Visitor: 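Would you mind keeping the following structure in view while I ask a few things?
First the proteins, then the strands, lettered A, B, ... as listed; each starts at 1. Predicted, not measured: the structure shown is a model, and the values here were computed from it.
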There are 2 protein chains.
Amino acid sequence: MAKLPKKTVERISQYRRVLAKYQTLSEPFIFSHDLASLLHLNPVQVRRDLMLLGTSGNYRNGYKVTKLLQSIDETLTIPKSTQATIIGMGRLGESLLKHIGSSPVCPVMINSTFDINPKKINTTIRGIPCYDMTRAPEIIKEQKIKIAILTLYTEDIQAIIDILIDAGIEGFINYMAGPIKIPKGIYLKEYDIRTTLEEMSYNIHN
Amino acid sequence: MAKLPKKTVERISQYRRVLAKYQTLSEPFIFSHDLASLLHLNPVQVRRDLMLLGTSGNYRNGYKVTKLLQSIDETLTIPKSTQATIIGMGRLGESLLKHIGSSPVCPVMINSTFDINPKKINTTIRGIPCYDMTRAPEIIKEQKIKIAILTLYTEDIQAIIDILIDAGIEGFINYMAGPIKIPKGIYLKEYDIRTTLEEMSYNIHN
DNA sequence: ATGAACTTGTTAATTGATTAACAAAAAATA
DNA sequence: TATTTTTTGTTAATCAATTAACAAGTTCAT
Ligand SMILES: NC(=O)c1ccc[n+]([C@@H]2O[C@H](COP(=O)([O-])OP(=O)(O)OC[C@H]3O[C@@H](n4cnc5c(N)ncnc54)[C@H](O)[C@@H]3O)[C@@H](O)[C@H]2O)c1
Ligand SMILES: NC(=O)c1ccc[n+]([C@@H]2O[C@H](COP(=O)([O-])OP(=O)(O)OC[C@H]3O[C@@H](n4cnc5c(N)ncnc54)[C@H](O)[C@@H]3O)[C@@H](O)[C@H]2O)c1
C-alpha cells in the first residue's frame, strides 16, 4: 500500500487503542462520528483516514470494530513486532515501561532495559529485565532492537548515542533536556513537556 | 502582535531552551543555520519564525542571543507566569516536576501538586508541596492555577476533570490512557508514548 | 412505493506549514 | 574600487493536512 501521511499514522495508532477499549463494551459497530468524538477529531477526518487505511464501513451500522482493528494491525505491525528498549530505568523509564506494557496489543515490544545503577541492574519489572548498560551493544545486536527510548540523566549523551547507532538502533525517542546530534537516516522524536506547557500558556493568554 | 502559528510557538519554546544553554558558552551571537542544526530544522524556518516574532538579526553576525531571548520572553510570558499543577505524584508526576523545575527561565510555574496517597501528602519536592486531592478546588481557585497535568492512575477521571474545570482550570495535559471528555473552550493536549513508538515503527519498516 | 433520515466514501476546496528563491546589506578579498 | 562571500528578511511557490461538499447506499416511516 502507498505510504500513509504522518498524521494519519499517528491517529491510526490512537484509533486502535480506543477501539480495543470500545470492543470490551461488546459493541460490534462504531460510527465515524463516535470514534471522532472520543478523540476530539472531525468525523470526516476519521473516514478519510480509514479510507486511506483501505478498510470500509457499512452504510447503516458504521464500521465493524473487529474488522477495523484487524486492518490497523496489518498496517502498523509490519512485518511483526518491532523491538525497542529503554535506556535509564529511573522514575520516568519505569513509568513508561509499565505504561507501554499495559497495551492490550502492541506492535512494539520491549524485552530489555538498561541502567548503570547497580540497584537497578538485574531487577525485573513486569518480567522485563534491566541489564548493565555495558551489555547494551551486545543485546541490541542479538535481539535486533531498533528503537531506543532515552530516559537517562547524564552529561555525556552523545557518546552513548553513537554506540547505540553502531549496535543497530534506527530510531530514538528522546526525553533528555539537551540537544543531541543524530546522523541522517536515523529517526528522532523529541518530547519535552515544557514546550507543551508554554504553548498552552500562550494559547490561554492570546 | 498577531497570533503566531501553532508550530511557530512550539519552536519558539525550543529556541529559548537551546539559547539559554548556548548563552552559557558566552557566545554573544548565533546564526540561523546554527540554531537550526541544533534543533534539526531548516534555517529558513528559523528566520521565518524570528521574523514573525518581530525580532531581527545582523547581516554579519546573525542574531544577538540576549536580544533574542528577551524577545521570546516577551512573547511567551504573557502577562506573567501561568500557574500549573500536577495531579498524581507517582513516578511520572515526580519525574515531570523535577524536569520542569530544571528550566532556567520558565513562563509556567508549578507551586503545588496533589495526590490521594497519605505517603505523598504533605511531602515536598524541590520545595513544592503535595496537597491532599480534596483541597484541589480551594487551592486552584486561590492560586489562580490554569493548567492541570494529569499523571494519576484512576478509573474515575471524568468526575475529577469536571471538578477541576469548575475550580478554574482552562487547559489539561493528559498522560492517562483512557479517552476523556472536555467541553469546548478548554484546551487539551494528550500525549502517549505508544503512538510515538508505533509511528516510528511504521517509518522504520516503510 | 416514496421520501426522509442517516450513513459512508470520495473529490474538490481551503487552510496551514514548509521550503525555494532572491533582493539587500555588510564585510572580506582581489 | 569592484567582486565575491555570507548572511538576513521577505515574498512566492510548494507541499501537507483539514474541512467542505455531495453523490450514493441503506433503512425506516408514512
Ligand atoms: N521530556 C520530558 O518531558 C521529561 C519529563 C521527565 C523527565 N525528563 C528527563 O528524563 C530523564 C530521566 O528522568 P528521571 O526522573 O527518570 O530521572 P532519574 O534520576 O530517576 O533516572 C535516571 C536514570 O538514568 C540512569 N543512568 C544515568 N546514567 C546512565 C547511563 N550512562 N546509562 C544508563 N543509565 C543511566 C540512572 O542510574 C537513573 O536510574 C532526565 O534527563 C529528565 O530531565 C524529561
Ligand atoms: N502517556 C504516556 O506516555 C505515559 C507514560 C507513563 C505513564 N503514563 C500514565 O501516567 C499515569 C501515572 O503513571 P505512574 O507511573 O506515575 O503511576 P504511579 O502509580 O506511580 O502514580 C500514580 C499516582 O496517582 C495517585 N492518584 C491515584 N488516584 C488519584 C486521585 N484521585 N487524585 C490524585 N492522585 C491520585 C496515586 O496515589 C499515585 O501516587 C498512569 O495512568 C500511566 O498509565 C502515561
Visitor: Under the 3.5 angstrom rule, does the side chain of A:Gln158 hit a backbone N or O of A:Lys181 as a donor-acceptor pair?
Guide: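 Yes; judged by distance alone, with no hydrogens or angles, the pair exists.
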Visitor: Taking B:Thr85 for its side chain and B:Ser112 for its backbone only, find out whether a donor-acceptor pair lies under 3.5 Å.
Guide: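 Checked: pair present.
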Visitor: Generate the contact string for nucleotides 2-16 of chain D. Rules: B means base contact, S means sugar-phosphate contact only, - means no protein heavy atom under 4.0 Å.
Guide: ----BBBBBB-----
Visitor: OH of B:Tyr153: more than 12 outside heavy atoms within 6.0 angstrom?
Guide: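 No, because the 6.0 Å sphere around OH of B:Tyr153 holds 12 heavy atoms or fewer from other groups.
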Visitor: For B:Glu138, check salt bridge (Lys or Arg N to Asp or Glu O under 4.0 Å) against everything at least two apart and list the hits.
Guide: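 Applying salt bridge (Lys or Arg N to Asp or Glu O under 4.0 Å) to B:Glu138 gives B:Arg135.
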Visitor: Are any of B:Asn42's side-chain N or O atoms less than 4.0 Å away from OP1 or OP2 of C:dT19?
Guide: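 So the side chain of B:Asn42 is within the cut-off, an N or O lying under 4.0 Å from OP1 or OP2 of C:dT19.
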Visitor: Given 3.5 Å as the limit, does a donor-acceptor pair link the side chain of A:Asp115 with the main chain of A:Met89, or not?
Guide: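 It does hold such a pair.
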Visitor: Whole angstroms only, please: what is the NZ-P distance between B:Lys3 and C:dT15?
Guide: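 For the pair B:Lys3 NZ and C:dT15 P, the rounded distance is 16 Å.
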Visitor: Could you tell me the separation between the NZ atom of A:Lys67 and the C1' atom of C:dT8, rounded to a whole number of Å?
Guide: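 My rounded result for the distance is 12 Å.
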Visitor: Could you give the CD-to-C1' distance, from A:Glu10 to D:dA17, as a whole number of Å?
Guide: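 Roughly 12 Å, once rounded to whole Å.
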Visitor: Before you tell me yes or no, could you show the steps for A:Arg16 and A:Asp73 under salt bridge (charged side-chain N to carboxylate O under 4.0 Å, His left out), namely the whole-Å CA-CA distance, both residues' side-chain angles and the distance that decides it to 0.1 Å?
Guide: CA-CA 8 Å; A:Arg16 164 154 44 185; A:Asp73 278 352; 2.3 Å; yes
Visitor: Provide, to the nearest angstrom, the distance between the CG atom belonging to B:Leu4 and the P atom belonging to C:dA17.
Guide: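 Rounded to the whole Å, the gap is 11 Å.
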